[in-house]
Protein chains: 2
Amino acid sequence: MKNECLNCACVMRSMQSLKNCQLEQLENNHAVVQFRKGDSIIKQGMFSTNVVFLKSGLVKIHITGPYHEQIVRLAKAPTYLGLPTTIGDKINQYSVTAVQDSEVCFIDLNIFKRVLEENKDFSSYIILELCKSELESYRRCASRTQKQTRGNLADVLIDLSENVFESDEFVLPISQSDIGNLVDASRESVNRLLSELMNDGIIRMEGRKIEILNKNSLQLISQNG
Amino acid sequence: MKNECLNCACVMRSMQSLKNCQLEQLENNHAVVQFRKGDSIIKQGMFSTNVVFLKSGLVKIHITGPYHEQIVRLAKAPTYLGLPTTIGDKINQYSVTAVQDSEVCFIDLNIFKRVLEENKDFSSYIILELCKSELESYRRCASRTQKQTRGNLADVLIDLSENVFESDEFVLPISQSDIGNLVDASRESVNRLLSELMNDGIIRMEGRKIEILNKNSLQLISQNG
DNA sequence: AATATTTTGTGATATGTATCACTTTTTCGA
DNA sequence: TCGAAAAAGTGATACATATCACAAAATATT
């Protein structure tokens with residue numbers, strides 16, 4: 001267990017500034033847990049007493065909307081999960097569920113807050129992360145509402161390819177109905193649009209395996225709907 | 001000028017913890033500016049070197065989307081404006097425009113950051129604010145995309161009445177086309193729906209003056225579309 | 001006060017997507 | 001490995017809302 005934190009991406013970025021005693025505090029107050037695909041990591045409505053850091057894997061962040069559950073975004077390791085929902089409110093304001101097997105580190109909230117207070121650089125780093133993520137959420141929301149489904153779907157495919165899997169060929173980590181949810185469309189629409197992309201030779205699909213054949217076209221679709 | 005900051009809501013919440021020397025730093029590095037209705041306070045794409053605090057007035061926060069400018073939300077004083085866009089990126093990632101005459105305090109970003117680093121309570125407070133605002137933006141986006149226009153419009157009216165003006169009777173601070181933008185609908189749809197609300201006796205309108213006659217119905221509409 | 005500009009009001013029509021209904025395929029658990 | 005459940009595929013239909021096209025009213029501007 002000793003020095004586990006030292007090598008964890010959780011502290012890596014601010015490591016140079018974390019003192020040994022602070023590292024030790026983290027060492028003694030964290031727990032690493034394995035989650036299987038489909039497992040719930042953070043559940044909206046429950047008390048949150050831990051900061052959650054995704055060490056490996058892929059998750060979806062989702063929130064209960066006025067009519068139905070809605071996927072806000074996918075998040076891949078390494079990243080903090082639910083920083084806002086943990087610090088901003090005692091009760092989780094959204095849920096996080098593994099969409100691939102994941103490894104998660106739970107850090108006691110009080111310890112985390114103490115380290116945050118004791119370490120300027122660390123708190124600066126967290127503030128910066130929070131700011132960026134809020135900006136990102138504004139952008140995402142604007143896209144989602146302005147673009148029509150075709151464009152949003154293209155965005156999801158591009159995002160999966162470029163940011164999540166870093167390859168033109170990958171296996172869809174979520175169902176078509178989840179994709180629909182993520183782009184504010186019905187499962188049927190997603191299906192029809194995917195077929196269309198196949199017919200147009202822009203992607204190739206075999207089951208959930210997808211290959212992007214023409215990224216250019218996809219980007220055009222992203223831009224022009 | 002001396003002690004101006006002491007009475008400003010900007011520091012009020014963390015005042016007990018701001019040391020005199022920190023207050024003095026703020027005193028010497030801020031500027032209060034008046035804005036008229038329609039004036040641009042923060043402009044997307046420009047360098048940001050100041051933290052902006054809205055002392056009085058009402059503003060709209062808007063962002064350039066893929067197709068058109070979109071209003072993210074209204075914000076009323078007292079509140080920080082563009083904390084994420086100032087700290088998260090050197091270039092403003094969204095715009096802020098006064099929709100009513102407003103008084104704004106600009107604080108040098110470096111000074112602000114220094115105070116942030118020197119003062120635990122202040123940085124805790126800012127972190128908390130950022131977290132809450134991100135949660136809020138998730139919620140808002142989910143509502144916006146799931147509800148249909150009628151429900152979103154009802155929400156805007158309720159928000160204006162309860163949070164902004166704290167009265168059942170108020171003057172719409174933005175045009176119908178801005179309202180449309182805010183609820184992801186066309187100006188025409190907003191107009192038609194407002195007429196409908198009038199005909200149903202739920203609101204009364206004379207020009208931009210609105211009176212909410214039946215808040216209950218409005219809340220039902222907010223819930224059920 | 002007179003004119004230009006923005007905002008509002010309202011019908012007719014077009015359209016993207018949801019919804020429904022059903023089948024086929026794939027995945028998962030006992 | 002077999003049966004059940006979940007996911008995917010596809011047509012027909014419905015509907016909320018955009019868009020277009022003007023007219024009327026209200027607000028700025030000189």
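Reminder, nothing fancy here: chain letters follow the sequence lines and each chain counts from 1.
Applying the side chain to side chain contact (heavy atoms under 4.5 Å, CB included) test between Val51(A) and each of Leu109(A), Leu81(A), Ile111(A) identifies Leu109(A) as the sole match. Partner of His62(A) under the side chain to side chain contact (heavy atoms under 4.5 Å, CB included) criterion, chosen from Asp178(A), Leu182(A), Thr97(A): Thr97(A). Under the salt bridge (charged side-chain N to carboxylate O under 4.0 Å, His left out) test applied with Glu206(A), the options Arg204(A), Lys209(A), Arg208(A) reduce to a single match, Arg204(A).
Going from atom NE2 of His68(A) over to atom P of dA18(C) covers 10 Å, rounded to whole Å. Distance OH (Tyr67(B)) to P (dA18(D)): 15 Å, rounded to an integer number of Å. Atom CD in Gln176(B) sits about 16 Å away from atom C1' in dA18(D), given to the nearest Å. In this structure, CD of Glu196(B) is placed 10 Å from P of dT17(D), rounded to the nearest angstrom. Rounded to whole Å, the distance from CG on Asn152(B) to P on dA18(D) is 11 Å. The nearest whole Å value for the distance from the CG atom in Leu172(A) to the P atom in dT26(C) is 15 Å. Going from atom CE of Met198(A) over to atom C1' of dT10(D) covers 14 Å, rounded to whole Å.
Met205(A) CE: more than 12 foreign heavy atoms inside a 6.0 Å radius.
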Exercise for the section: Any chance you could list the contact pattern along nucleotides 23-30 of chain D? Use B for base contacts, S for sugar-phosphate-only contacts and - for none, protein heavy atoms under 4.0 Å, 5' to 3'. Expected result: --------
Fill in the blank from the handout: Expected string for nucleotides 12-17 of chain C under the B/S/- scheme (protein heavy atoms, under 4.0 Å, primed atoms plus P, OP1, OP2 as sugar-phosphate) is B---SS
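Between Asp184(B) and Gln146(A), the side chains place no donor N or O within less than 3.5 Å of an acceptor N or O (distance only, hydrogens not considered). Under 3.5 Å, the side chains of Gln93(B) and Thr85(B) contain no donor-acceptor pair of N or O atoms. Side chain to side chain, Glu134(A) and Ser133(B) meet the donor-acceptor criterion of an N or O pair below 3.5 Å. One side chain, Lys215(A) or Ser161(A), offers a donor N or O that lies under 3.5 Å from an acceptor on the other. If you check the side chains of Thr149(B) and Ser189(B), you find no donor sitting under 3.5 Å from an acceptor.
Looking at every heavy atom in both residues, Val72(A) comes nearest to Ile63(A) through CG2-CG2, 3.6 Å.
Annotation: the span from Glu162(B) atom CD to Asp168(B) atom CG amounts to 8.5 Å, rounded to 0.5 Å. The CD1 atom of Ile61(A) sits 12.0 Å away from the CD atom of Gln44(A) when rounded to the nearest 0.5 Å.
Between Asn191(B) and the phosphate of dG9(C), there is a side-chain N or O to OP1/OP2 separation shorter than 4.0 Å. Residue Ser177(B) places none of its side-chain N or O atoms closer than 4.0 Å to OP1 or OP2 of dT8(C). One finds a side-chain N or O of Ser195(B) lying less than 4.0 angstrom from the OP1 or OP2 phosphate oxygen of dT10(C).
Residues in residues 147-202 of chain B take part in these ring-ring contact (aromatic ring centres under 6.0 Å, His included) pairs, two or more places apart or across chains: Phe165(B)-Phe170(B).
Contacts with DNA chain C (heavy atom under 4.0 Å) in residues 215-223 of chain A: none are found.
A rotation axis mapping the C1' atoms of four pairs onto the next four is fitted at both ends of the helix from dA1(C)-dT30(D) to dA30(C)-dT1(D) over five pairs, and the angle between these axes is 70° to 10 degrees.
Both Glu188(A) and Met205(B) lie near DNA chain C, and the one whose nearest nucleotide falls closer to the 5' end is Met205(B).
For Asp108(A), there are no salt bridge (charged side-chain N to carboxylate O under 4.0 Å, His left out) partners at least two apart in sequence or on another chain.
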